[in-house]
Amino acid sequence: GLNAAVGRPGSAPLFDAALERLVEMRDDPLRDYSFNAQSVAMILNAFARAKVRDPRLVECLAQVILSRQPASGPSPEKVSTPLVDASDDTPQTWNGMNIGLICNALVKLGCWDPALFAHLAGMAHHAPASSFRPQAIGNMANAFARAGIRNESLFALLSARAQACDPAAFNPQAVSNIVNACVRCSYPDHALFAFLAAAVVEIPLARFNG
């Protein structure tokens, strides 16, 4: 796969071919290609890790993301409603982990489209609560901060999801990403900071990099 090829000598033609195929799939009116959240996340993540930027990639996959059932906002009764594919109404894996990967990859690929990020924030409100792990929360918060997008409803959701996690699940990178994102987006959540401070105390010193 593309992710396995990242960093390997001679991988450039593979990424070129993958991009051309993606464009062909987008432009073929006779075929109905379906992408789920995991495939979108893996493709974007591979190109981001390989530092291969091409506006056609984001253009193609942004269409896929925006075609998914848009969230109407953070209403409590809809928080755990599964997102569905607009074409066949089958449940898709638009969970916290995949949405976090997508947001992070988009920023690394130079995409800061406010409409696309607003849509992803809405999708996060519909993702299952159990799918938010510290790394996913950190990725999402960090991506919005790097994109310069302050979305209070998203940060409130991420705060709630973070505080619902087991403190032992946090590592230094996740804590750093979340705290830094909150500061950069002027979101002073004292309850969240207190929770993360307590989590940091429990992290073994060996897990901190110089």
Peer 1: Atom CG in Leu157, atom CD in Glu152: separation rounded to 0.5 Å?
Peer 2: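 Here the interatomic distance stands at 13.5 Å.
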Peer 1: Any side-chain heavy atom of Ile65 within less than 4.5 Å of one from Val40?
Peer 2: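 SC-SC contact between Ile65 and Val40 confirmed.
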Peer 1: Going by heavy atoms in the side chains, are Arg146 and Arg184 under 4.5 Å from each other?
Peer 2: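 Arg146 vs Arg184: side chains touch.
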Peer 1: Compare all side-chain heavy atoms of His126 with those of Trp94 and state whether any distance is below 4.5 angstrom.
Peer 2: no
Peer 1: Can you check whether Asn95's main-chain N or O pairs, donor with acceptor, with Ser131's side chain at less than 3.5 Å?
Peer 2: no
Peer 1: Hey, could you give me the CD1/CG distance between Ile43 and Leu101, rounded to the nearest 0.5 Å?
Peer 2: 13.0 Å
Peer 1: Which atoms form the tightest heavy-atom contact between Ala121 and Phe144, and what is the distance?
Peer 2: CB-CZ, 3.9 Å
Peer 1: Do Met123 and Arg68 come within less than 4.5 Å of each other through their side chains, counting heavy atoms only?
Peer 2: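 Heavy-atom side-chain distance check passes, below 4.5 Å.
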Peer 1: Out of curiosity, Phe47 CZ to Leu19 CG, how far, rounded to the nearest 0.5 Å?
Peer 2: 5.0 Å
Peer 1: Working note: Met140 + Ile99, criterion side chain to side chain contact (heavy atoms under 4.5 Å, CB included); need CA distance, chi angles, decisive distance, verdict.
Peer 2: CA-CA 7 Å; Met140 212 177 299; Ile99 295 173; 3.9 Å; yes
Peer 1: Could you go through Ser67 and Gln63, starting from their C-alpha distance and side-chain angles, then the distance that decides it, and tell me whether this counts as side chain to side chain donor-acceptor pair (under 3.5 Å)?
Peer 2: CA-CA 6 Å; Ser67 73; Gln63 292 178 17; over 6 Å; no
Peer 1: Are any non-hydrogen side-chain atoms of Ile178 and Leu196 less than 4.5 angstrom apart?
Peer 2: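 Counting from C-beta outward, Ile178 and Leu196 do come under 4.5 Å.
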Peer 1: Roughly how far, to the nearest 0.5 Å, is CG of Leu116 from SG of Cys111?
Peer 2: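 Taking SG in Cys111 and CG in Leu116, the distance rounds to 5.0 Å.
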Peer 1: I need the minimum non-hydrogen distance between Ala136 and Met97, along with the two atoms involved.
Peer 2: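 So the minimum-distance heavy-atom pair works out to CB-CA, 3.7 Å.
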Peer 1: Using side-chain heavy atoms (C-beta onward) and a distance below 4.5 Å, is Asp189 in contact with Phe155?
Peer 2: no
Peer 1: Checking Phe117 against Asn151 for the side chain to side chain contact (heavy atoms under 4.5 Å, CB included) test, could you report, in this order, the C-alpha distance in whole Å, the side-chain angles of both residues, the deciding distance, and whether it holds?
Peer 2: CA-CA 9 Å; Phe117 274 85; Asn151 188 311; over 6 Å; no
Peer 1: Aromatic contact between Tyr187 and Phe193, with the criterion being ring centroids under 6.0 Å apart: yes or no?
Peer 2: no
Peer 1: To the nearest 0.5 Å, what is the distance between CG on Leu154 and OG on Ser159?
Peer 2: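 Here the interatomic distance stands at 11.0 Å.
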Peer 1: To the nearest 0.5 Å, what is the distance between CZ on Arg133 and CZ on Phe170?
Peer 2: 11.0 Å
Peer 1: Side chains of residues 50-61: which donor-acceptor pairs under 3.5 Å do they make with residues two or more places apart or in other chains?
Peer 2:
unit_1: Arg53; atom_1: NE; unit_2: Lys108; atom_2: O; d: 3.2
unit_1: Arg53; atom_1: NH2; unit_2: Lys108; atom_2: O; d: 3.0
unit_1: Asp54; atom_1: OD1; unit_2: Arg56; atom_2: N; d: 2.9
unit_1: Asp54; atom_1: OD1; unit_2: Arg56; atom_2: NE; d: 3.1
unit_1: Asp54; atom_1: OD2; unit_2: Arg56; atom_2: NH2; d: 3.1
unit_1: Arg56; atom_1: NH1; unit_2: Glu20; atom_2: OE2; d: 3.1
unit_1: Arg56; atom_1: NH2; unit_2: Glu20; atom_2: OE2; d: 3.2
unit_1: Glu59; atom_1: OE2; unit_2: Arg26; atom_2: NH1; d: 3.1

Peer 1: Are Cys165 and Ile137 side-chain neighbours, meaning at least one heavy-atom pair lies under 4.5 Å?
Peer 2: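 When only atoms from C-beta onward are counted, Ile137 and Cys165 do touch, with a gap below 4.5 Å.
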Peer 1: Among residues at least two apart in sequence or on other chains, which ones pass side chain to side chain contact (heavy atoms under 4.5 Å, CB included) with Pro172?
Peer 2: Ile203, Arg207, Phe208
Peer 1: So, Arg161 side chain and Phe132 main chain: donor-acceptor pair closer than 3.5 Å or not?
Peer 2: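 Here the side-chain-to-backbone pair does not exist.
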